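To start, the structure itself, in structure tokens.
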Amino acid sequence: MSIFDDKTTYSLARLHEPLLAWYDTCKREIPWRGASSSYFVWVSEIMLQQTRVEAVRAYFLRFTAALPTLQHLAECDEQTLLKLWEGLGYYNRVRNMQKAAKIVMEQYGGELPRSYELLLTLPGIGEYTAGAIASIAYNIPVPCVDGNVMRVLSRVTANSADITLSSVKKDYQVLAQSMIPMDDSSNSPALQDRSSPRAGDFNQSLMELGATVCVPNGAPLCDVCPIQTQCKAFLSGNPQHYPVKTAKTARKIEKKTIVILMYGDQVLLQKRPNSGLLAGLWEFWSMDGWLNRDELTNALMEQGIFANAIHSLKKAKHIFSHIEWQMQGYLVYLEKLSTIGGGEWVKLTDLRENYALPSALKAYSKELERWVLP
DNA sequence: AAAGCGGGGTC
DNA sequence: GACCCAGCTTT
């Protein structure tokens with residue numbers, strides 16, 4: 001039983017006309033829009049997961065310049081890959097994308113399959129991304145339902161169902177599917193074999209409207225909306241009541257001590273584990289909890305390290321979606337080069353060019369540059 | 001169904 | 001502060 005009745009579905013049947021007309025004249029200029037390969041569509045869609053268009057622009061241009069084809073991606077070493085993704089977050093996205101690229105090279109002759117179901121089997125490609133690639137790159141008439149689409153459609157229909165429920169998302173996918181403009185001259189029985197020259201544009205028109213007009217955070221710009229007169233939430237004067245979502249669980253706080261160990265123009269880095277938070281990225285030596293100067297000196301001595309000088313750095317905070325790091329920092333000059341388990345001494349120039357550090361440590365990597373420059 | 005997974009913009 | 005973002009994977 002769907003949250004949408006037949007009458008609601010029928011009332012949206014021809015909404016593609018004003019949406020496409022609006023999209024044709026008002027869409028933003030975006031690097032991956034226009035005549036682009038399925039590979040470029042794929043790269044952009046992975047980058048856009050939980051990430052705004054404005055944040056993606058520069059990353060997309062740099063990434064596709066370095067790795068212009070799917071084969072380049074499949075053959076890239078992981079260190080370079082993570083450096084290209086540095087600062088964009090959700091780093092498993094790029095590792096999964098490379099896994100998928102290797103599969104595409106081996107099983108599909110180097111081109112992404114022209115099938116929603118086959119796309120869905122690739123690592124890192126879920127229902128949204130499979131629908132986006134299939135419709136935007138190949139004009140296959142399948143929906144792609146993201147946060148924008150659910151926000152727009154929940155307002156248009158004034159529907160209060162909780163969009164965090166997977167059953168509700170399914171109903172939005174069915175509704176979005178029914179809205180895709182179909183070429184009536186084709187009469188193939190299988191929907192996905194039928195032609196829909198504007199399936200990709202239509203899906204993008206819904207997302208573009210959500211991103212630029214039917215916005216989250218505060219009041220939407222209903223006065224410039226092309227489907228204002230057909231929006232139930234606008235007509236009731238309460239678009240900001242939609243969509244309805246249940247609250248997220250609270251973040252937990254973790255205290256850490258960040259220690260920048262230096263010797264000459266080298267700094268000690270450690271590689272994070274291959275799974276979990278910030279998997280595969282590099283970081284400074286660190287310990288759980290806040291250590292004062294004496295405790296740090298003792299901790300270093302236990303590692304067989306004797307500090308020449310210990311400088312206290314400012315406290316710093318970084319907020320992830322589910323964790324908050326509260327960090328106390330130190331910069332330590334060593335008397336002689338000592339190795340710590342699992343660590344690697346890296347020259348500053350090498351660090352800047354080749355080692356991916358999480359943005360969570362940005363305050364301390366800046367401190368490092370400040371101490372070294374003069 | 002819920003939790004883990006980044007980082008930044010906006011109000 | 002809280003909320004959200006062209007979501008996916010694991011538990």
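Letters A, B, ... mirror the listed sequences (proteins, then strands); counts begin at 1. Everything quoted here is computed from the prediction, not taken from an experiment.
Residues A:Ser167 and A:Ser321 each lie close to DNA chain B; by heavy-atom proximity, the contact nearer the 5' end of the strand is made by A:Ser167. In terms of position along DNA chain C, the nucleotide closest to A:Lys317 lies nearer the 5' end than the nucleotide closest to the other residue of the pair A:Trp32 and A:Lys317. Toward the 5' end of DNA chain B, the nearer of the two residues A:Gly87 and A:Pro216, judged by each one's closest nucleotide, is A:Gly87.
Checking B:dC5, C:dG7, C:dC5 against the side-chain heavy atoms of A:His322 singles out B:dC5 as nearest. When distances run from any side-chain atom of A:Thr249 to the nucleotides B:dG6, B:dA3, C:dG7, the shortest one goes to B:dA3. Proximity note for A:Arg52 (side chain, C-beta onward) versus B:dG7, B:dT10, B:dG8: the nearest is B:dG8. Counting only heavy atoms from C-beta on, A:Phe320 has its side chain closest to B:dG7 among B:dA3, B:dG7, C:dC4. The side chain of A:Leu48 lies closest to C:dA6 when the candidates are C:dA6, C:dC8, B:dG7. The side chain of A:Thr51 sits closest to B:dG6 out of B:dG9, B:dG6, C:dT9.
Residue A:Ile46 is out of contact with every strand shown, counting any heavy-atom pair closer than 4.0 Å. Here A:Ser166 lies in heavy-atom contact (under 4.0 Å) with sugar-phosphate atoms only. Contact annotation for A:Glu127: backbone-only contact, meaning every heavy-atom pair under 4.0 Å involves sugar-phosphate atoms and none involves a base. Contacts of A:Arg33 with the nucleic acid, taken as non-hydrogen atoms under 4.0 Å apart, include base atoms. Within 4.0 Å (heavy atoms only), A:Asn217 reaches at least one base atom of the nucleic acid. Within 4.0 Å (heavy atoms only), A:Gly210 reaches no atom of the nucleic acid at all. When heavy atoms are screened at a 4.0 angstrom cut-off, A:Ser44 is found touching no nucleic acid atom at all. In this structure, A:Tyr90 reaches the bases: a heavy-atom distance under 4.0 Å links it to at least one base atom across the strands shown. Residue A:Gly218 is classed as having no contact, given no heavy-atom separation below 4.0 Å to the nucleic acid. Counting non-hydrogen atoms under 4.0 angstrom, A:Arg151 reaches the backbone sugars and phosphates but no base.
As rounded to whole Å, 13 Å separates atom C1' of B:dG6 from atom CG of A:Leu361. Atom pair A:Trp282:CH2 and B:dG6:C1' shows a separation of 20 Å (rounding to whole Å applied). Rounded to whole Å, atom C1' of B:dG7 lies 15 Å from atom CD of A:Gln49. For A:Leu120 and C:dC8, the CG to P distance is 9 Å, given to the nearest whole Å. Protein atom CH2 of A:Trp42 is 18 Å distant from nucleotide atom P of C:dG7, rounded to whole Å. In this structure, A:Asn92 atom CG and C:dG7 atom P are separated by 17 Å, rounded to whole Å. The nearest whole Å value for the distance from the CD atom in A:Glu54 to the C1' atom in C:dC5 is 13 Å. For the pair A:Glu324 CD and B:dG7 C1', the computed distance is 14 Å after rounding to whole Å.
At least one side-chain nitrogen or oxygen of A:Gln50 sits closer than 4.0 Å to the OP1 or OP2 atom of C:dG7. For A:His318 and B:dG6, the shortest distance from a side-chain N or O to OP1 or OP2 is not below 4.0 Å. For A:Lys362, no side-chain nitrogen or oxygen approaches OP1 or OP2 of B:dG6 to under 4.0 Å. A sub-4.0 Å separation between OP1 or OP2 of C:dC5 and a side-chain N or O of A:Lys245 is present.
For an aromatic pair to be called close, the ring centres must be under 6.0 Å apart, and A:Trp85 with A:Tyr59 fails this.
One cannot find a donor-acceptor pair under 3.5 Å joining the base of B:dG6 and the side-chain atoms of A:Ser359.
Between A:Arg155 and A:Ser236, the side chains place no donor N or O within less than 3.5 Å of an acceptor N or O (distance only, hydrogens not considered).
For the P atom pair drawn from C:dA6 and B:dC11, the interatomic distance equals 14 Å after rounding to whole Å. Comparing B:dC5 with C:dG1, their C1' atoms sit 22 Å apart, to the nearest whole Å. A gap of 16 Å separates the C1' atoms of B:dG6 and C:dC3, to the nearest Å.
Between the side chain of A:Arg14 and the main chain of A:Met179, no donor-acceptor pair closer than 3.5 Å is present.
With a 4.5 Å cut-off on side-chain heavy atoms, A:Leu277 and A:His322 count as touching. Between A:Leu268 and A:Ile260, every side-chain heavy-atom pair lies at or beyond the 4.5 Å cut-off.
No cation-pi contact links A:Lys255 to A:Trp325, judged by a cut-off of 6.0 Å to the six-membered ring centre and 45° from its axis.
Taking the six-membered ring where the residue is Trp, A:Phe60 and A:Phe40 present perpendicular rings, their angle passing 60° and hence far from 30°.
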### Task
Would you sort out whether A:Gln177 and A:Gln173 count as a side-chain hydrogen bond (donor to acceptor under 3.5 Å, both in side chains), showing the intermediate values?
CA-CA 6 Å; A:Gln177 171 78 73; A:Gln173 287 172 332; over 6 Å; no
